[in-house]
Amino acid sequence: QVKLVESGGGLVQPGGSLRLSCAASGYPLDYYIIGWFRQAPGKEREGVSSITVGDGSTNYADSVKGRFTVSRDNAQNMVYLQMNSLQREDTGVYYCALVGPPAHPWTSVDYLNPRRYAYWGQGTQVTVSS
């Protein structure tokens, strides 16, 4: 049974930083993809970043490039999202999600498409406000 648990959300002032964690368990292979997504009130869920556990390749939405960094700790089955220079527009519920190896090569758009992911955590709230 695949389980994903996010943590690390909270209230931060504009310009501040947060680090989100995603604890993944139960997936039977060593190669899978973890995506980070967020959803603001009244908006659709959008892809933020992804990392492939297995080869370490990453993808970022244009809106977070240069500010967010995704990383992994394979030994601990943890994935992190370091968020710097936070802006009010970054406010939302952040989710991590998991999918196994794709049947065909993905484009960068696929990696940030929530419909591509099979398993989801419960989310953690990030609020950027002064």
J.: How long is the span from the OH atom in Y94 to the CG atom in L81, to the nearest 0.5 Å?
T.: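 Rounded to the nearest 0.5 Å, the OH-CG separation comes out at 7.5 Å.
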
J.: Please determine whether residues V48 and Y119 belong to a single hydrophobic cluster, defined as Ile, Leu, Val, Met, Phe, Trp and Tyr linked transitively by side-chain heavy-atom distances below 4.5 Å.
T.: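 Yes, because V48 and Y119 connect within a single hydrophobic cluster, where side-chain heavy atoms sit under 4.5 Å apart.
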
J.: Between the side chains of S17 and N84, does any donor sit under 3.5 Å from an acceptor?
T.: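 Yes, because at least one side-chain N or O of S17 sits under 3.5 Å from a partner of the opposite role on N84.
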
J.: Decide whether a cation-pi geometry holds between R19 and Y80; the criteria are a distance under 6.0 Å from NZ or CZ to the six-membered ring centre and an angle within 45° of the ring axis.
T.: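 Yes.
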
J.: With no hydrogens and no angle check, just 3.5 Å: does a side-chain donor-acceptor pair link R72 and T52?
T.: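 Judged by distance alone, the side chains do not pair up.
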
J.: Can you tell me how far apart SG (C22) and CD1 (I51) are? Round to the nearest 0.5 Å.
T.: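 Interatomic distance, C22 SG to I51 CD1, rounded to 0.5 Å: 11.0 Å.
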
J.: For the residue pair T91 and T127, confirm or rule out a side-chain donor-acceptor distance under 3.5 Å.
T.: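 Distance-only check fails for T91 and T127.
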
J.: Could you tell me whether the side chain of S63 reaches within less than 4.5 Å of the side chain of E89, counting heavy atoms only?
T.: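 The answer is no, as the side chains (C-beta and beyond) never meet within the 4.5 Å cut-off.
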
J.: Run the salt bridge (Lys or Arg N to Asp or Glu O under 4.0 Å) test against D110 and tell me which residues pass, sequence neighbours left out.
T.: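 Testing D110 for salt bridge (Lys or Arg N to Asp or Glu O under 4.0 Å), a comparison that skips the adjacent residues, returns R116.
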
J.: Just verifying a value: how many Å separate S129 OG and L11 CG, rounded to the nearest 0.5 Å?
T.: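 With rounding to 0.5 Å, OG (S129) is 6.0 Å from CG (L11).
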
J.: Atom OH of Y60 and atom CZ of F68: how far apart are they, to the nearest 0.5 Å?
T.: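 Y60 OH to F68 CZ: 10.5 Å, rounded to 0.5 Å.
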
J.: Can you name the closest pair of heavy atoms from Q122 and V5 and give their distance?
T.: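 Nearest heavy atoms, Q122 then V5: OE1-CA, 3.8 Å.
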
J.: Do M83 and V128 have side chains that approach each other closer than 4.5 Å (heavy atoms only, starting at C-beta)?
T.: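 Of all side-chain heavy-atom pairs linking V128 with M83, none is under 4.5 Å.
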
J.: Are the ring centres of W120 and F37 closer than 6.0 Å?
T.: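 Judged by ring-centre distance (under 6.0 Å), W120 and F37 do meet the cut-off.
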
J.: For the hydrophobic clusters of this structure (ILVMFWY residues joined by side-chain heavy atoms under 4.5 Å, transitively), does one cluster hold both V79 and V2?
T.: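 Cluster IDs for V79 and V2 match.
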
J.: Heavy-atom distance under 4.5 Å between the side chains of I33 and P102, does that happen here?
T.: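 Yes, their side chains come closer than 4.5 Å.
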
J.: Please round to the nearest 0.5 Å and tell me the distance separating atom OG of S49 and atom CD of Q82.
T.: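 Reported value, rounded in 0.5 Å steps: 12.0 Å.
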
J.: In this structure, is the centre-to-centre distance between the rings of Y27 and Y32 below 6.0 Å?
T.: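 Centroid distance Y32-Y27: below 6.0 Å, so yes.
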
J.: For E6 and C96, which heavy atoms make the closest approach, and how far apart are they?
T.: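 Here E6 and C96 meet closest at OE2-N, 2.8 Å.
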
J.: CD/Q39 to CD/Q125 distance, rounded to the nearest 0.5 angstrom?
T.: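 Rounded to the nearest 0.5 Å, the CD-CD separation comes out at 11.0 Å.
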
J.: Which pair of non-hydrogen atoms, one from N59 and one from S108, has the smallest distance, and what is that distance?
T.: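 Result for this residue pair: OD1-CB, 3.6 Å.
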
J.: Decide whether V109 and Y117 are clustered together by the hydrophobic rule: side chain heavy atoms of Ile, Leu, Val, Met, Phe, Trp, Tyr closer than 4.5 Å, transitively.
T.: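 Each belongs to a different hydrophobic cluster.
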
J.: For a quick test of reading the model, state the closest non-hydrogen atom pair linking Y31 to G54 and the distance between them.
T.: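 Smallest heavy-atom distance, with atoms named: CD1-CA, 4.0 Å.
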
